[in-house]
Amino acid sequence: QVHMVESGGGLVQTGGSLRLSCAASRRAFSLYAMGWFRQAPGKEREFVAAISGSGITTYYADFVKGRFTISRDNAKNTVYLQMNSLEPEDTAVYSCAGRRTAGVATTTLEYDYWGQGTQVTVSS
């Protein structure tokens with residue numbers, strides 16, 4: 001079992017930035033692809049970004065539009081999501097996810113482990 005804990009959420013104004021972190025408990029962290037998903041009230045969980053185990057390959061949802069950057073530090077068992085130019089539509093609970101393979105994935109069914117999530121609220 002892999003335990004993951006997100007941090008870094010909060011309240012920010014439109015145009016502001018936040019950096020989310022997700023710390024994983026598992027050894028051999030570099031073998032796991034990681035992803036970020038979000039869920040707004042009344043909406044389904046949606047894919048935001050993913051990164052391969054090595055960190056070389058990344059993939060983003062279209063709505064990111066170059067505003068978000070996913071990265072990882074395998075020495076610290078941590079994945080990050082840098083979010084810039086935030087908009088009220090970005091308000092959601094953001095969760096990190098891990099899968100037992102190094103390749104990126106974009107659907108919830110492809111991930112095996114989930115964090116509890118961190119709230120991001122963007123005020124207009």
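Heavy-atom basis, side chains included; hydrogens, waters and symmetry copies ignored. In this chain, numbering begins with 1 at the start of the sequence shown.
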Just how far is it from atom OG of S21 to atom CZ of R72, taken to the nearest 0.5 Å? 13.5 Å
N/O donor to acceptor pairs below 3.5 angstrom from side-chain atoms of residues 41-48, sequence neighbours left out:
residue : atom : partner : partner atom : Å
E46     : OE2  : R38     : NE           : 2.7
E46     : OE2  : R38     : NH2          : 3.2

Which distance, rounded to the nearest 0.5 Å, do you find between the CG of L31 and the OG1 of T101? 9.0 Å
Can you check whether V120 reaches V122 side chain to side chain, under 4.5 Å on heavy atoms? yes
Which pairs with one or both residues in residues 39-83 pass disulfide bond (SG atoms under 2.5 Å apart), sequence neighbours excluded? none
With clusters defined by side-chain heavy atoms of hydrophobic residues (ILVMFWY) lying less than 4.5 Å apart, directly or transitively, does I51 cluster with F63? yes
Name the atoms and distances for all side-chain donor-acceptor pairs under 3.5 Å in residues 53-61, with sequence neighbours left out.
residue : atom : partner : partner atom : Å
S54     : OG   : S52     : OG           : 3.4
S54     : OG   : I56     : N            : 3.2
Y60     : OH   : I70     : N            : 2.9

Please report the closest heavy-atom contact between G117 and S95, naming both atoms and the distance. CA-OG, 3.5 Å
Quick one: list whatever passes side-chain contact (heavy atoms from CB on, under 4.5 Å) with S85, sequence neighbours left out. R67
Please tell me if the side chains of F68 and D90 come closer than 4.5 Å, counting only heavy atoms from C-beta onward. yes
Restricting to side chain to side chain donor-acceptor pair (under 3.5 Å), what partner residues turn up for S7, sequence neighbours left out? none
Restricting to non-hydrogen atoms, name the atom on L86 and the atom on L18 that form the minimum distance, rounded to 0.1 Å. CD1-N, 3.9 Å
Heavy atoms of A102 and A33 approach each other most closely as O-CB, 3.5 Å
Quick one: list whatever passes salt bridge (Lys or Arg N to Asp or Glu O under 4.0 Å) with D112, sequence neighbours left out. R100
Listed by chain and number, what are the side-chain contact (heavy atoms from CB on, under 4.5 Å) partners of Q119, not counting sequence neighbours? T91, V93, T121
Yes or no on side-chain contact (heavy atoms from CB on, under 4.5 Å) for V79 and W36, after CA distance, side-chain angles and deciding distance? CA-CA 9 Å; V79 63; W36 285 97; 4.0 Å; yes
Indicate yes or no: at least one non-hydrogen side-chain atom of V12 is less than 4.5 angstrom from one of S17. no
Who pairs with E89 by side chain to side chain donor-acceptor pair (under 3.5 Å), at least two apart in sequence or on another chain? none
Side chain to side chain donor-acceptor pair (under 3.5 Å) against D73, all qualifying residues, sequence neighbours excluded: none
Excluding sequence neighbours, so at least two apart, what forms side chain to side chain donor-acceptor pair (under 3.5 Å) with E110? T107
Side chains of K76 and N74, heavy atoms from C-beta outward: is any pair under 4.5 Å? no
Can you pull out every disulfide bond (SG atoms under 2.5 Å apart) where at least one residue sits in residues 1-99? Sequence neighbours excluded, please. C22-C96
Check whether any side-chain N or O of R99 sits under 3.5 Å from a backbone N or O of G103 as a donor-acceptor pair, and report yes or no. yes
ring-ring contact (aromatic ring centres under 6.0 Å, His included) contacts in which one or both residues fall within residues 70-116, not counting sequence neighbours: F37-Y111, F37-W114
If we only count heavy atoms from C-beta on, is the M4 to Q116 side-chain gap below 4.5 Å? no
With the side chain counted from C-beta on, respond yes when L20 and M83 share a heavy-atom pair under 4.5 Å apart, and no when they do not. yes
